[in-house]
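In what follows, a structure is listed as structure tokens, so that the remarks can point back to it.
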Amino acid sequence: IVRVAPAEIAIDGGERLYILSYRDISQARRIDRMRSDFVANASHELRTPLASLRGFIETLQGPARNDVKAHEKFLVIMHEQATRMSRLVDDLLSLSRLELKSHIAPDEKIDLAPLLGHVIDALSPLAQDVDVTIALNVPDGPVFVNGDRDELIEVFENLIENACKYGQEGKKVEVSLLGGEDGRPVEVAVRDFGPGIPAEHVPRITERFYRVNVEASRSKKGTGLGLAIVKHILTRHRARMIVQSEVGKGTLFTVRF
Ligand code: ADP
């Protein structure tokens with residue numbers, strides 16, 4: 001709390017009145033701190049692959065100059081690091097674009113059934129890579145919601161990609177669309193049968209850069225920003241995400257419009 005004006009003293013019939021003005025800036029301070037934490041995290045995440053790239057380049061220019069095997073091996077790793085940085089920059093741009101348009105309501109009329117089919121088709125190479133089958137259950141007719149097509153694609157890409165990446169030992173992922181009949185809300189459920197998320201981590205998984213098991217997650221090629229983006233988009237759509245997870249059994253993410 002800060003004092004925003006000097007004490008004013010009024011003389012009234014010999015009495016002194018003190019008028020003090022204060023403003024609560026804890027919210028503004030908190031936002032400032034979050035912003036600088038975010039910049040620090042983002043810089044740290046970029047610095048690691050950059051340092052590693054520099055190390056490999058120096059080795060290739062120096063001790064491994066004539067080593068063809070080392071060239072092949074290092075180039076693969078350097079390509080991975082560059083891809084990781086691109087992913088991170090893409091996610092950072094997504095977040096800042098969302099912040100810029102947070103005042104514009106998304107209002108296209110979108111049929112979710114073909115949209116989910118499109119997302120699953122786009123993810124099928126990844127699913128094949130990790131040996132996961134994605135099943136889609138949709139009702140017969142169209143299921144409309146008001147929204148932004150690209151943003152909703154991003155939401156379901158993130159959730160289904162996570163289900164494949166983190167739930168891969170379950171071998172299958174089920175995506176179900178519930179049609180909102182009888183006044184019930186429209187829902188999309190993404191279920192995996194993987195290791196699940198320990199209860200104490202569930203409330204934090206939508207925080208920027210939060211990853212449950214940092215070492216294990218790192219091997220799964222992510223930025224820790226995916227669910228933060230999802231949460232942002234769903235808030236804009238006045239939709240909610242419900243996470244139910246049981247360790248050793250799997251995880252169910254439900255998006256309720
Ligand atoms: P990332 O880029 O790491 O995938 P996300 O924001 O998408 O970032 O997810 C945050 C963390 O939540 C992940 O690192 C992972 O630890 C955990 N997580 C997300 N989805 C699942 C899931 N389906 N099963 C288990 N853990 C998950």
Side-chain angles (χ1 to χ4, degrees), residues 84 87 91 94 112-140 143 145 147 151-181 184-235 237-257:
R84 190 167 132 67
R87 212 180 294 128
D91 280 355
S94 272
L112 284 180
L115 183 138
L116 289 170
H118 164 84
V119 170
I120 290 172
D121 285 348
L123 287 174
S124 66
L126 170 105
Q128 262 169 17
D129 266 2
V130 293
D131 196 20
V132 165
T133 310
I134 309 175
L136 174 63
N137 312 304
V138 292
D140 287 336
V143 177
V145 292
E151 289 179 17
L152 290 179
I153 288 177
E154 198 163 353
V155 165
F156 297 117
E157 260 174 9
N158 264 304
L159 294 181
I160 300 170
E161 186 179 333
N162 278 352
C164 293
K165 267 192 322 195
Y166 299 108
Q168 58 184 267
E169 52 262 53
K171 299 277 182 219
K172 62 175 176 177
V173 166
E174 288 172 0
V175 181
S176 313
L177 171 62
L178 302 173
E181 312 87 1
R184 284 203 299 270
V186 171
E187 285 185 348
V188 178
V190 178
R191 182 190 290 277
D192 71 63
F193 302 86
I197 306 169
E200 66 273 23
H201 293 286
V202 170
R204 300 198 59 190
I205 55 172
T206 56
E207 286 176 19
R208 293 166 178 194
F209 295 113
Y210 194 83
R211 308 192 78 193
V212 172
N213 176 339
V214 174
E215 279 320 305
S217 298
R218 217 175 271 295
S219 70
K220 308 270 189 199
K221 299 194 176 120
T223 59
L225 291 173
L227 291 178
I229 294 173
V230 165
K231 185 178 167 191
H232 226 301
I233 294 175
L234 292 180
T235 306
H237 283 74
R238 296 177 194 282
R240 282 180 61 204
M241 182 169 78
I242 299 136
V243 186
Q244 290 160 286
S245 192
E246 206 175 327
V247 172
K249 293 234 164 116
T251 306
L252 171 64
F253 283 86
T254 305
V255 174
R256 180 174 296 161
F257 288 88

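Counting from 1, the numbers follow the sequence of the chain as shown.
- Pairing each heavy atom of G167 with each of P195, the nearest pair is CA-CD, 4.1 Å.
- Within 6.0 Å of CZ on R191 lie no more than 12 heavy atoms contributed by other residues, nucleotides or ligands.
- Considering only heavy atoms from C-beta on, I134 stays 4.5 Å or farther from S124 through its side chain.
- Between G179 and V186, the shortest heavy-atom contact is O-CG2, 4.1 Å.
- The CG atom of L123 lies 9.5 Å from the CG atom of N158; values are rounded to the nearest 0.5 Å.
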(request) Go through the steps for T133 and K171 under the test side-chain contact (heavy atoms from CB on, under 4.5 Å), then give the verdict. (result) CA-CA 6 Å; T133 310; K171 299 277 182 219; over 6 Å; no
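- Between the CD1 atom of I229 and the CD atom of E157 there is a distance of 11.0 Å, given to the nearest 0.5 Å.
- When side chains are defined from C-beta on, V155 does not count as touching M241, because their heavy atoms never get closer than 4.5 Å.
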(request) Go through V212 and I205 one step at a time and tell me if the side-chain contact (heavy atoms from CB on, under 4.5 Å) criterion holds. (result) CA-CA 7 Å; V212 172; I205 55 172; 3.8 Å; yes
(request) Could you give me the CA-CA distance, side-chain angles and deciding distance for L227 and L159, then say whether side-chain contact (heavy atoms from CB on, under 4.5 Å) is met? (result) CA-CA 8 Å; L227 291 178; L159 294 181; 3.7 Å; yes
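- Note that CD1 of I153 is 4.5 Å distant from CG of L115, once rounded to the nearest 0.5 Å.
- The shortest non-hydrogen separation linking A163 to V190 is CB-CG1, 3.9 Å.
- From F253, atom CZ reaches atom CG of D192 across 8.0 Å, with rounding to the nearest 0.5 Å.
- At least one side-chain heavy atom of I160 sits less than 4.5 Å from a side-chain heavy atom of I120.
- The structure places CG of L252 at 9.0 Å from CD1 of I242, a figure rounded to the nearest 0.5 Å.
- Remark: N162 CG to I197 CD1 distance equals 8.5 Å, nearest 0.5 Å.
- Ring geometry for Y210 versus H201: interplanar angle of 30 to 60°, hence tilted.
- When all heavy atoms of G222 and K165 are compared, the closest pair comes out as CA-NZ, 3.9 Å.
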(request) Could you check V255 against H237 for side-chain contact (heavy atoms from CB on, under 4.5 Å), going step by step and ending with a plain yes or no? (result) CA-CA 11 Å; V255 174; H237 283 74; over 6 Å; no
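- The two residues V132 and Q168 have their closest heavy-atom pair at CG2-CA, 3.7 Å.
- The shortest side-chain heavy-atom distance between L112 and F257 falls under the 4.5 Å cut-off.
- Heavy atoms only, all atoms of each residue included: P203 and T206 are closest at O-OG1, 4.5 Å.
- A side chain to side chain donor-acceptor pair (under 3.5 Å) with S94 is found for exactly one of H232, E154, E151, namely E154.
- Scored by the salt bridge (charged side-chain N to carboxylate O under 4.0 Å, His left out) test, E174 finds K172 as partners (sequence neighbours excluded).
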